[in-house]
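Atom set for the values below is all heavy atoms of this structure, side chains included, hydrogens, waters and symmetry mates excluded. Note that ligands are numbered from 1 as they come in the structure, with each ligand's atoms numbered from 1 the same way.
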Amino acid sequence: MGSNPIGAAIGMEDHLAATDIIGSAKKQGRTALNEVESKQILKQAGIKTTEIKLATSKEEAIAAANKLGLPAVLKIVSPDILHKSDIGGVKLNLNSENEVGKAYDEVMAAARKHQPKAKIEGVSVQPMARPATEVIIGMNKDEQFGPVLMFGLGGILVEVLKDVSFRIVPLTKRDAREMIREIKAYPVLEGYRGQEPADIETLENLLLKVSDFVEKHPDIKEMDLNPIFAYKDGAIAVDARIILES
Ligand code: ADP
Ligand code: MG
């Protein structure tokens, strides 16, 4: 036993819980973890994510929103819908029970309309995080190099301009430093034209935590924290997706 038995015990529980979630998904023949499962696992790995609850009825969604605190965000939870907002499956800034209830119906209707065959697990409820500069951390496996992490700024900068950096897992501190600084949009993170600067040290640590996490879980094939809100103080993942090896 190490010098800190309590810490060791906590570490072990965390590991078990992540293995449990991965194990039960595999048993069900699923390779996609939903947002609720993905965030549970990441939270245990010390990666900050929004609090989140799965609701399977309108009443549950309202109760969850009250418990987590308004304003709330509702999102469709389905293994068949990977880009939730593309189909109208994300409702932001819900300020009352009424708005949460209405959003529940809208999100369900949108899913049925756009993807009638999708298996719907329910709706996730989470608190609305204060908007900030959006960054992305992704993991993919390269045939030759194994797990590779990607870093970039959210939205069109990644999708259209491919302004991203890559490093092979495990990352060194130096890798994390460089990854953030070598994207073209780095000045945005430093606080461009009065915009809130990002907490670069937190982002570096986040990259290292993700690298650690990926190294510990070889059964994870792909991962996306998209977006992470980067604040002056700290950062929080508001969306997360984990795909397992089949
Ligand atoms: P998608 O499956 O379309 O990627 P996201 O969960 O990323 O869905 O939600 C779409 C957008 O909504 C995000 O890029 C982010 O700007 C915003 N968003 C999502 N969750 C929250 C939240 N908890 N608080 C504030 N904004 C959020
Ligand atoms: Mg997203």
Using a 4.0 Å cut-off to any heavy atom of [X], which atoms of ligand 1 qualify?
{"X": "Leu82", "answer": "2 (O)"}
{"X": "Ser85", "answer": "1 (P), 3 (O), 10 (C)"}
{"X": "Pro227", "answer": "7 (O), 13 (C), 14 (O), 15 (C)"}
{"X": "Val73", "answer": "22 (C), 23 (N), 24 (N)"}

Parallel under 30°, tilted from 30 to 60°, perpendicular over 60°: which one fits the rings of Tyr231 and Phe229? perpendicular

Return the residue, atom name and 0.1 Å-rounded distance of the protein heavy atom closest to [atom].
{"atom": "atom 24 (N) of ligand 1", "answer": "Ala129 N, 2.8 Å"}
{"atom": "atom 26 (N) of ligand 1", "answer": "Phe229 CZ, 3.5 Å"}
{"atom": "atom 4 (O) of ligand 1", "answer": "Asp239 OD2, 3.2 Å"}

Separation of Ile62 CD1 from Leu70 CG (nearest 0.5 Å): 10.0 Å

Between NZ of Lys48 and CG of Leu225, what distance do you get to the nearest 0.5 Å?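 So the gap between those two atoms works out to 14.0 Å.
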
Out of Leu92, Asn226, Ile81, the nearest non-hydrogen contact to atom 18 (N) of ligand 1 is supplied by Leu92

Any N/O/S of Asp224 under 2.8 Å from the Mg ion (ligand 2)?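 Short answer: no, not a single N, O or S atom is under the cut-off.
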
Does Ser85 bring an N, O or S atom to within less than 2.8 Å of the Mg ion (ligand 2)? no

Test your reading of the structure: does [X] have an N or O sitting under 3.5 Å from an N or O of ligand 1?
{"X": "Glu134", "answer": "yes"}
{"X": "Lys75", "answer": "yes"}
{"X": "Pro127", "answer": "yes"}
{"X": "Gln126", "answer": "yes"}

Considering all heavy atoms, the nearest Ala176-Leu207 contact: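 Looking at all heavy atoms of both residues, the closest pair is O-CD1, 3.9 Å.
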
What are the two closest heavy atoms between Val36 and Ser124, and how far apart are they?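 Smallest interatomic distance, heavy atoms only, reads CG2-CB, 4.0 Å.
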
N, O or S atom within Asp239 nearest to the Mg ion (ligand 2), by name: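 When I compare the N, O and S atoms of Asp239, OD2 is nearest to the Mg ion (ligand 2).
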
Does Lys53 form a side chain to side chain donor-acceptor pair (under 3.5 Å) with Gln126? I'd like the steps, not just the answer. CA-CA 7 Å; Lys53 285 183 189 298; Gln126 56 194 288; over 6 Å; no

Any protein heavy atom lying closer than 4.0 Å to atom 11 (C) of ligand 1? no

Is there a donor-acceptor contact under 3.5 Å from the side chain of Ser78 to the main chain of Ala118? no

Looking at Lys173, is its backbone amide N or carbonyl O close enough to the side chain of Arg177 to form a donor-acceptor pair, meaning the two atoms are under 3.5 Å apart?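 No; zero donor-acceptor contacts below 3.5 Å.
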
